[in-house]
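Report on one structure; see the data block that follows.
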Amino acid sequence: MTSGGKELAGIFLFVALVAGIPLATDSGVILNFVMMALYAALLAQAWNILGGFGGQFSFGHALFFGTGAYIQAIAQLQGGLNAWLALFMAVAGSAGVGALVGALSFRYGLKGSYFALVTLAFAEVFRILALSVPFTGAGVGLMLPLHESFANMQFGSRKGYVYLVLAFVAAALLLTWWLKHSRFGAYLQAVRDNEDAARAIGVNPFGVKLGAIVLSGGLMGAGGAFYVQVFQYIDPGIAYGPGTSVEALVAAIVGGMGTLWGPVLGALVLHVLADLTRNLFGQLPGINMVIYGMVLVLIVMFLPRGIAGLGATAKSLWKKSGGRRG
Amino acid sequence: MFDSGILFPSLINGLTTGAVYALIALGLTLIYGVLHIINFAHGAALMVALYAVYLLKERFGIDPYLALPLVVPGMFVLGYALQRLIINRASHGKDENILLVTLGLSIVMENAALLFFKSDTRTIETAYTLTTVAIGPAMIALPKLVAFAGALLVSGLLLWIVGKTDLGRAIRAVAKEKHGAKLMGIDVDHVYAMSFGIGLACLGAAACFLLPAYYVNPQVGGGFVLVAFTVVVLGGMGSFVGALLGGLLIGVVESLGGLYLGESLGQIGIFAIFIAVLLFRPQGLFGAKA
Amino acid sequence: MSTRRHFMSQSAAAASAMAFPLVGGAQPRTIKVGVLHPVTGALAYSGQQCRVGALMAIEDINKAGGIKSMGGANIEALLGDAQSQPQAGAAEIEKMNEAGVSAVVGAFASAICLATTQAAAKYNLPHVVDVGVADQIMERGLKNTFRFGPGYRKCAEAAVANLHVLNMAAGKPARTVMIVHEESLFGTGTANLLARELPGYGYEVKEVIKHANPTRDFNNIVLRMKAVNPDIVIPANYYNEYALLVRTMQQQKISPKAIYSVLGGAASSYKFVKEFPDAANGIIDCNHWFNPKDKRSAELKKRVEAKGLFFSYEVFMTYTAMRLLADAIERAKSSDRAAIIDALEKSTFADHIMPYGATKFVNGQNTGAQPLMTQVVKNDIKVIIPREYRETDPVFPLRA
């Protein structure tokens with residue numbers, strides 16, 4: 001089997017295994033954990049497409065998350081649309097915002113810290129706008145009415161949401177797989193590694209980066225729509241606050257940027273870490289997060305290539321120590 | 001819509017608020033200019049400095065302005081140690097890792113503060129907290145005027161350090177070409193740590209000037225980080241004069257924006273400028289064309 | 001270190017439960033109750049104050065012999081941290097459900113309560129909302145959700161009606177109003193209600209100013225206040241911004257006829273009165289407040305202060321919410337969730353320190369819940385309205 005084929009088989013195996021969890025257990029804790037870990041994985045996967053494969057570091061991915069969330073809510077509340085139809089609009093809308101921001105910033109050649117800061121600023125602008133315009137409910141926020149049914153994309157049990165978010169994650173995995181093996185993905189990685197060289201061989205960096213931010217934004221928007229369906233409330237702080245942006249990029253970097261499984265691994269490890277520290281030290285507010293922050297620094301210190309790069313890191317360490325001994 | 005009776009005080013007020021932004025941004029722009037990293041722990045470090053000022057006042061009765069000679073060197077040592085012992089080692093020279101490390105550090109600092117100080121908002125009361133000085137029709141709080149003068153002084157001092165001293169020459173050399181600087185025998189790691197230390201020392205000064213008219217709690221830094229980034233971008237990353245002017249300008253924009261657009265929406269002015277500068281003049285309003 | 005002490009007593013309770021295994025058919029020795037608050041993150045201060053209130057109530061209940069109808073069973077707290085995020089709150093509910101709690105008390109902030117009440121509803125898990133003033137929490141028809149205190153509609157209506165009473169009694173010196181509010185759910189919701197109600201009583205709302213959290217400088221807002229010169233200033237914001245606003249007003253020597261805060265202000269915060277006595281003087285609040293005529297409220301205040309904490313509304317709101325729940329368990333004679341919900345629905349709980357009278361729930365909302373008007377007088381907080389709880393006569397207007 002080719003390496004691409006092996007990866008595809010891995011994706012199907014992963015989806016099949018996770019799909020089995022809701023059949024095996026009724027535990028709300030486990031189901032909620034799986035749901036939130038998959039949700040975090042989805043956000044990290046979205047970020048990874050632009051940040052990991054495209055080399056464009058966004059600090060403001062909440063921009064797409066929030067836009068997806070608001071469209072999902074507004075389409076149902078004010079447009080009277082079905083939740084599933086709203087989902088398509090949310091994905092398309094946040095991809096559109098991605099196109100807009102990408103067109104502006106890539107047209108003017110922003111990269112590195114400059115691109116990071118401009119995304120951060122756009123997220124803030126949207127947050128302030130969401131606080132000021134009437135159709136977002138301003139500071140009061142928007143609340144979806146509680147009507148649990150498949151047609152409304154609201155499920156009485158966490159199981160339904162696990163399958164929903166698993167479908168998103170599977171789609172993101174397939175999209176990432178495609179990036180690794182398609183011509184577009186090759187162009188994107190070429191632009192990441194050396195934009196001038198890529199241009200010299202006839203790649204259009206602007207178009208390629210634009211494509212990446214559209215895909216990334218659309219996936220992130222799906223994450224926002226999912227959030228609204230589960231928690232049924234959105235306000236400007238939740239939608240466009242920096243928390244979601246940070247969550248997405250930390251999981252992707254810790255897991256391993258520009259890899260297929262990195263974001264999933266990163267999200268899983270960080271969620272286990274957060275849960276463990278909270279359960280062990282939750283009695284004293286703050287201490288769990290102190291430990292979480294320290295472990296984050298240690299992971300970066302000892303796993304510079306992320307968790308998915310663990311093998312490569314170990315190999316190079318082995319070589320280094322072997323070389324010294326020899 | 002508003003007479004000059006409001007416009008002028010609002011302008012002066014914007015300038016004094018902007019001076020504090022400038023102080024915070026000075027440290028950030030130095031760190032960016034030399035290390036080329038975006039320091040996500042800047043807000044948390046400001047919070048640490050504010051708690052230091054608070055403790056000195058509450059425990060030992062030391063006036064915030066007299067605390068300057070304690071807090072500034074203290075923050076310098078903290079910054080030097082953080083860069084030398086943690087950030088430098090953990091980053092492996094990769095931007096994304098530096099980002100995560102500074103983020104991790106800020107999580108640790110914020111929650112350690114929550115653990116030790118609890119979540120209460122704390123304020124200090126000084127004899128001059130409520131003193132105001134009349135400048136024309138504007139009544140300006142004395143602590144804000146002191147902060148304004150302090151910001152000018154600190155940026156003058158920074159310009160002198162970077163422009164006239166041996167350390168400054170080394171900093172400029174490293175900022176420009178770190179490999180070349182290394183070949184010339186400059187200890188790059190030391191210069192990095194010195195820059196980070198000086199950057200945090202600026203926060204120490206900012207904290208002393210800020211606390212008499214403000215408050216401290218574990219989350220207080222977050223409110224200043226974005227503004228400081230804006231100021232740095234506006235002034236041109238790495239430019240001290242730019243940071244000072246940028247800070248003053250942002251203070252005025254925020255003040256007048258609040259007056260004409262409403263306090264909440266008025267914040268948009270800051271980010272509109274931020275985006276426009278990034279897109280159309282990335283070297284900053286006051287920076288030279290690269 | 002009250003939390004650690006509590007942790008140890010909890011472990012001790014668990015140990016004793018293990019040492020005396022349950023005999024078949026006997027009543028359980030402990031009833032687990034979830035205590036869920038945002039004790040970290042942006043809302044940490046309020047969340048930690050709430051937790052203190054809940055734990056003190058449990059301590060009192062257990063000391064007084066536990067749940068008597070269940071052979072003196074003790075209440076055991078399961079502490080949860082909502083981390084100031086709705087999704088973290090919902091995750092804690094899942095854990096509490098599986099740990100076998102009989103009910104949950106929490107979760108302070110409205111946005112978090114929306115998520116936790118709904119998550120608890122899936123398991124028919126009774127959820128007593130301690131503060132959560134957004135009325136949307138109660139309007140979703142969740143059978144498991146009960147709120148002992150008033151929502152912001154009730155508070156805003158009371159604030160306007162009582163302001164009018166004050167004004168009429170003083171010969172109608174005040175006509176114009178300026179509202180300064182924070183931009184999120186609580187401030188915006190309250191300000192919208194006030195701006196709608198006030199004109200009906202003949203007041204002119206000159207300006208409504210919304211500000212961000214945090215707002216680093218209030219000079220601009222105070223400058224506009226100077227220009228507009230309203231008779232009454234109504235702030236609706238959180239402590240940090242409130243403190244900066246009032247201090248800046250003091251600095252700029254602005255003294256309207258009244259500063260009249262709705263849900264959160266100096267006249268319902270011992271912390272503010274202690275830290276800024278001059279700025280606080282004369283300020284009037286419409287907020288959650290205890291019945292000052294009930295001796296137990298003074299005792300409770302003393303005990304909270306002995307811990308080095310302020311007796312803030314979070315403490316007594318959660319304290320009474322927990323007592324309401326214990327009363328319901330007492331009458332349900334069971335730790336069964338459905339039985340407790342049933343008992344809550346029929347609750348007539350009257351033995352409490354809040355000015356609500358006997359409890360009566362309609363669709364989960366306690367209909368007797370009401371805020372009180374308080375005023376800062378000589379560095380203390382005194383109730384001025386309504387008359388049956390009055391401790392001192394109101395000073396209105398502050399200046400002619």
Measuring heavy-atom distances to chain A, does [X] have an atom under 4.5 Å in its side chain, in its backbone, in both, or in neither?
{"X": "K122(C)", "result": "side chain"}
{"X": "E182(C)", "result": "neither"}
{"X": "L142(C)", "result": "side chain"}
{"X": "N213(C)", "result": "neither"}
{"X": "E139(C)", "result": "neither"}
{"X": "Y123(C)", "result": "side chain"}

Worksheet entry | Under 3.5 Å donor-acceptor, E98(C) side chain and G28(A) backbone | yes
Discussion item. Whether the side chain of K210(C) engages the backbone of G139(A) through a donor-acceptor N/O pair (distance < 3.5 Å, no angle test) should be reported.
Written reply: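 The answer is no, because no donor-acceptor pair under 3.5 Å joins these two groups.
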[X] [atom1] to [Y] [atom2] distance, which is reported to the nearest 0.5 Å:
{"X": "R278(A)", "Y": "D81(C)", "atom1": "CZ", "atom2": "CG", "result": "7.0 Å"}
{"X": "E247(A)", "Y": "Q85(C)", "atom1": "CD", "atom2": "CD", "result": "7.5 Å"}
{"X": "E183(C)", "Y": "I128(A)", "atom1": "CD", "atom2": "CD1", "result": "8.0 Å"}
{"X": "Q118(C)", "Y": "E148(A)", "atom1": "CD", "atom2": "CD", "result": "7.0 Å"}
{"X": "D235(A)", "Y": "T188(C)", "atom1": "CG", "atom2": "OG1", "result": "9.5 Å"}
{"X": "T40(C)", "Y": "N288(A)", "atom1": "OG1", "atom2": "CG", "result": "6.5 Å"}

Chain C contact via [X] - side chain, backbone, both or neither, heavy atoms under 4.5 Å:
{"X": "F33(A)", "value": "neither"}
{"X": "I238(A)", "value": "side chain"}
{"X": "L146(A)", "value": "side chain"}

Worksheet entry | side chain to side chain contact (heavy atoms under 4.5 Å, CB included) assessment of N32(A) paired with K95(C) | CA-CA 9 Å; N32(A) 195 67; K95(C) 274 183 208 153; over 6 Å; no
Item to complete: Answer with yes or no whether the side chains of Q136(C) and Y233(A) bring together a donor and an acceptor at under 3.5 Å.
Response: no
Discussion item. Looking at D275(A), I'd like to know if its CG atom is crowded, meaning that more than 12 non-hydrogen atoms belonging to other residues, nucleotides or ligands lie closer than 6.0 Å.
Written reply: yes
Worksheet entry | Atom of L185(C), atom of V140(A) and distance for their closest heavy-atom approach |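 Minimum heavy-atom separation between L185(C) and V140(A): CD1-O, 3.3 Å.
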Fill in: Best-contacting candidate, A212(C), P86(C), G80(C), G41(C), against chain A by heavy atom pairs under 4.5 angstrom
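Answer, by heavy-atom pair count under 4.5 Å with chain A: P86(C).
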